[in-house]
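The structure appears right after this line, and notes come after that.
Please read these numbers as outputs of a predicted model, since none were measured by experiment.
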Amino acid sequence: ETVAAEPLANDGGATAARLRDAGRVILAADSLGAGQAMIEKAVDYAGQREQFGRIIGSFQAVKHMCAEMAARHEATLAACHAKSHTGEVYRFVARTSTEVHGGMGFTDLLGLHYWFKRIGFDRQVLGGPEAVRAEAAARQGWTRAA
């Protein structure tokens, strides 16, 4: 069937850039999940497959490969970095956007208050930027866990 399409606005590529950025975030999340699944499968296989009369997971080289995958995958560390960065960036965005609107920015007429509160909530829930940076540092052995 024929489907009507509407071209993107002629905004110098800003809309296309936003779509690209959103796509990158989605693809990063997809790769994170796919990587976790592959690591689990590799570890399971290494624990079952026999070669030369031994489980291949008992070979030092295979152990190192599995450990290296797990270390590079470290989803928690990546999540800490992403949460910390976005918490700082969007607090700035929330404040600055509200300031640009002056007194109107604090009213409910524009709807900014909804996003301002949401960004504030997102920044703090599951650990604010300072807390997740501290967790990331501890996970990397730079500090002791709090």
Side-chain angles (χ1 to χ4, degrees), residues 1-101 105-106 110-146:
E1 293 184 37
T2 303
V3 177
E6 190 174 314
L8 293 176
N10 186 8
D11 58 4
T15 300
R18 288 179 61 207
L19 289 171
R20 180 200 63 224
D21 293 345
R24 286 176 174 167
V25 171
I26 291 167
L27 291 172
D30 186 57
S31 292
L32 181 70
Q36 179 65 43
M38 293 185 76
I39 291 168
E40 290 170 4
K41 288 191 173 291
V43 169
D44 287 346
Y45 181 78
Q48 297 172 15
R49 173 76 169 120
E50 288 188 29
Q51 190 67 35
F52 307 113
R54 292 175 50 192
I55 299 291
I56 66 169
S58 69
F59 295 120
Q60 188 174 14
V62 175
K63 288 180 187 179
H64 284 196
M65 289 190 296
C66 291
E68 181 68 18
M69 285 189 295
R72 288 189 184 204
H73 172 71
E74 187 57 66
T76 301
L77 186 59
C80 286
H81 289 303
K83 175 88 168 61
S84 173
H85 181 70
T86 58
E88 297 291 6
V89 167
Y90 293 106
R91 178 177 64 173
F92 167 78
V93 169
R95 288 179 176 174
T96 306
S97 177
T98 302
E99 289 174 17
V100 166
H101 285 84
F106 287 100
L110 300 175
L112 288 177
H113 69 291
Y114 169 77
W115 299 110
F116 191 96
K117 291 176 193 175
R118 183 171 177 173
I119 287 170
F121 174 82
D122 291 349
R123 185 175 192 273
Q124 294 304 319
V125 74
L126 302 178
E130 299 82 7
V132 294
R133 279 195 295 267
E135 182 180 338
R139 286 185 170 276
Q140 295 173 88
W142 297 343
T143 62
R144 286 184 288 158

For this session: Could you pull out all residues at least two apart from Arg72 that satisfy salt bridge (charged side-chain N to carboxylate O under 4.0 Å, His left out)?
Result: Glu68
Problem set entry | Within residues 117-126 or reaching into it, pairs that qualify as salt bridge (charged side-chain N to carboxylate O under 4.0 Å, His left out) - sequence neighbours excluded | Glu88-Arg123, Arg123-Glu130
Seminar exercise, completed: Tightest non-hydrogen contact, residues Ala46 and Ile55, listed as O-CG2, 2.9 Å
Exercise. In this structure, which one of Val62, Ile56, Asp44 forms a side chain to side chain contact (heavy atoms under 4.5 Å, CB included) with Arg49?
Worked result: Ile56
Exercise. Out of curiosity, His85 NE2 to Tyr90 OH, how far, rounded to the nearest 0.5 Å?
Worked result: 7.0 Å
For this session: Sequence neighbours left out, what passes side-chain contact (heavy atoms from CB on, under 4.5 Å) with Leu77? Give chain and number order.
Result: Glu74, His81, Ala136, Gln140
Problem set entry | Main-chain N/O of Val132 paired to Lys83 side chain as donor or acceptor, under 3.5 Å | no
Exercise. Can you tell me if CZ on Phe92 sees more than 12 non-hydrogen neighbours from other groups inside 6.0 Å?
Worked result: no
Exercise. With a 4.5 Å heavy-atom cut-off, do Arg24 and Asp21 have their side chains touching?
Worked result: yes
For this session: Rounded to the nearest 0.5 Å, what's the gap from CG on Leu110 to NE2 on His101? Could you check?
Result: 5.0 Å
Problem set entry | Test side-chain contact (heavy atoms from CB on, under 4.5 Å) applied to Ala137 - qualifying residues, sequence neighbours left out | Trp142, Thr143
Exercise. Where the side chain of Ser84 meets the backbone of Cys80, is there a donor-acceptor pair that is under 3.5 Å apart?
Worked result: no
Exercise. Side chain to side chain donor-acceptor pair (under 3.5 Å) with Thr15: which residues, sequence neighbours excluded?
Worked result: Asp11
Exercise. Looking at NE2 of His73 and CG of Leu32, how far apart are the two atoms once the value is rounded to the nearest 0.5 Å?
Worked result: 5.0 Å
Problem set entry | Heavy atoms from other residues, nucleotides or ligands near CD of Gln51 exceed 12 (cutoff 6.0 Å) | yes
For this session: Would you list the pairs meeting salt bridge (charged side-chain N to carboxylate O under 4.0 Å, His left out) in which at least one residue belongs to residues 51-63, sequence neighbours left out?
Result: none
Exercise. Once you round to the nearest 0.5 Å, how far does CE of Met69 lie from CD of Gln36?
Worked result: 10.5 Å
